[in-house]
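One structure below.
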Amino acid sequence: MPSSDFLSEATARGFVFQCTDPEGLDTLLRTGLVSGYIGFDCTAPSLHVGSLVQIMLLRLFQRHGHQPVVLMGGGTTRIGDPSGRDETRQLLTDEEIAANMAGIRRVFEPFLRFGADPSDAITANNADWLDLLGYIPLLRDVGRHFTVNRMLTFDSVKLRLDREQPLTFLEFNYMILQSYDFRELFRRRNVRLQMGGSDQWGNIVSGAELVRRTEGAQVFGLTTPLITTASGAKMGKTAAGAVWLTEDRLAPFDYWQFWRNTEDADVGRFLRLFTDLPLEEIAAVEKGDVNEAKKVLATEATGLAHGIEAAAQAAEAARRLFEAGEAADLPTVLVPREDLAAGLPAFRLFTLAGLSGSNGEARRLIRAGGARINDAPVSDETLTLTLGDLQDGAIKLSAGRKHHRLVRPE
């Protein structure tokens, strides 16, 4: 068992999957403040729950007195990470990447403390150095330390080739650029640790080797396990869509409800990974009623992402809806009064309310009998809703038993 505070608690909570040198890292962490980073490419305007284990790892790192570095992939997003992908990512414009980066930066504000103290979190953008690279200098300085033989053995490359799916030369360079990031952060900020998901192992090891070869220094890599539910589902997405971490993409009520719906077998594990509750307190919660434990998980996780007040409001709204049969505190969506007066198709309202990802998906939901309007089942996908369907000034939409919205005219 590690003796450094961070590595000991990270291991106990289930964050640690692989480490390049566990004993060496443990020793380094005991010597004082260490800077460690995780990279996040800017492929969407926010992050979802699938990235939360990495964010919580940075949070834990900071809680134990170390400095978390959030590396924004302003440069690497232009290529697209092939890790865990069956196909090439769609290339984004510089304007799209910049907009996504601005949105993603907001995700970290509730979780990390930013400032000027030694352990305060900082952000960096790898476009600051990758955009300046010349191709020939990169090949001479960095490329000569990589062999194609070795690169072909890493899962990010091997799995794509084994499936006979195309891997572009552009993507093949991703590993080299991510390794360059590690070296650059080491040179600029003495960053000694790179962390990431298990799918990043090959990239992280390559970066550590590059630093060793070119700088003569030892740096470390640590990965987290792939987080799936007890039933094998991937974290971060539900039937209603991605579970985003910012309020503009997903209401706190729906975020709370996502955690409340955790499978029984996952509650203890998720309390360890996604809350700050002490381990002994989690052990006590596990011994009690599983549904009460789910409420603790939901409220603690929502409090981290959206604040204690929003978490309490979401918990109370859920209690009133599911235990008292009241709907006043449900997330509300406003639509122009004139549009509702003229009539809006029910499937369109479900999409506008965020209960479906597209009109086609909403139509299928209605046809399958999974939609309710004002608590009454609806199966006619051509149904039109008007001001006459308002009840107490709103139309209540439900997708399944757990996802609800109020639509109000404005």
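- Scanning both residues, G196 and I204, for their nearest heavy atoms gives N-CD1, 3.9 Å.
- Donor-acceptor pairing under 3.5 Å is lacking for the side chains of S119 and Q67.
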>> Determine whether D254 and R405 satisfy the following criterion, salt bridge (Lys or Arg N to Asp or Glu O under 4.0 Å), listing intermediate values before the conclusion.
In response: CA-CA 10 Å; D254 291 317; R405 293 287 191 282; 2.6 Å; yes
> salt bridge (Lys or Arg N to Asp or Glu O under 4.0 Å) between R78 and D41: does it pass, once the steps are laid out?
Replying inline: CA-CA 9 Å; R78 294 177 177 176; D41 276 348; over 6 Å; no
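- Ring centroids of F114 and F108 are separated by 6.0 Å or more, keeping the two rings apart.
- Minimum heavy-atom separation, L92 to T43: CD1-CA, 3.9 Å.
- Judged purely by distance below 3.5 Å, without hydrogens or angles, the side chains of E209 and H145 never pair a donor atom with an acceptor atom.
- Counting only N and O atoms by type, the side chains of Q18 and S198 include no donor and acceptor under 3.5 Å apart.
- In this structure, F6 and L25 have side chains that are not in contact, with every pair of non-hydrogen atoms separated by 4.5 Å or more.
- A salt bridge does not link R348 with D339: every distance from a Lys NZ or Arg NE/NH1/NH2 to an Asp or Glu carboxylate oxygen is 4.0 Å or more.
- Of all the heavy atoms in F253 and A318, the pair that sits closest is CE1-N, 3.7 Å.
- Here R106 does not pair with E109 in a salt bridge; the nearest charged N to carboxylate O distance is not below 4.0 Å.
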> Does the side-chain hydrogen bond (donor to acceptor under 3.5 Å, both in side chains) test come out yes or no for Q257 and H403, once each step is laid out?
Replying inline: CA-CA 8 Å; Q257 199 61 37; H403 302 284; over 6 Å; no
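- Between R13 and D276 there is no salt bridge, since no side-chain N of the basic residue sits under 4.0 Å from a carboxylate O of the acidic one.
- F347 carries R363 over the face of its six-membered ring, with the cationic atom under 6.0 Å from the centre and within 45° of the normal.
- In summary, the side chains of T76 and Q178 do not present any donor paired with an acceptor at a separation below 3.5 Å, with no hydrogens or angles considered.
- Ion pair R272/E286 flagged as a salt bridge, since at least one NZ, NE, NH1 or NH2 atom sits closer than 4.0 Å to an Asp/Glu carboxylate oxygen.
- The pair E410-R337 fails the salt-bridge criterion, with no side-chain N (NZ, NE, NH1 or NH2) lying under 4.0 Å from an Asp/Glu carboxylate O.
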> What's the verdict on salt bridge (Lys or Arg N to Asp or Glu O under 4.0 Å) for R364 and E361, showing C-alpha distance, side-chain angles and the deciding distance?
Replying inline: CA-CA 5 Å; R364 290 190 291 274; E361 184 179 314; 5.0 Å; no
>> As a quick check of understanding, evaluate side-chain contact (heavy atoms from CB on, under 4.5 Å) for M195 and F61, giving each step before the final call.
In response: CA-CA 11 Å; M195 298 173 281; F61 193 62; 4.3 Å; yes
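- Aromatic ring orientation, H306 versus Y255: perpendicular (interplanar angle above 60°, classes split at 30° and 60°).
- Between the side chains of Q200 and Q194, no donor-acceptor pair is found at a separation under 3.5 Å.
- Defined by atom type and a distance below 3.5 Å, a donor-acceptor pair is present between the side-chain atoms of W256 and T299.
- Residues S46 and T246 come closest through the heavy atom pair OG-OG1, 2.9 Å.
- Between D26 and S3, the side chains place a donor N or O and an acceptor N or O closer than 3.5 Å (distance only, hydrogens not considered).
- Ion pair D5/R30 not flagged as a salt bridge, since none of the NZ, NE, NH1 or NH2 atoms sits closer than 4.0 Å to an Asp/Glu carboxylate oxygen.
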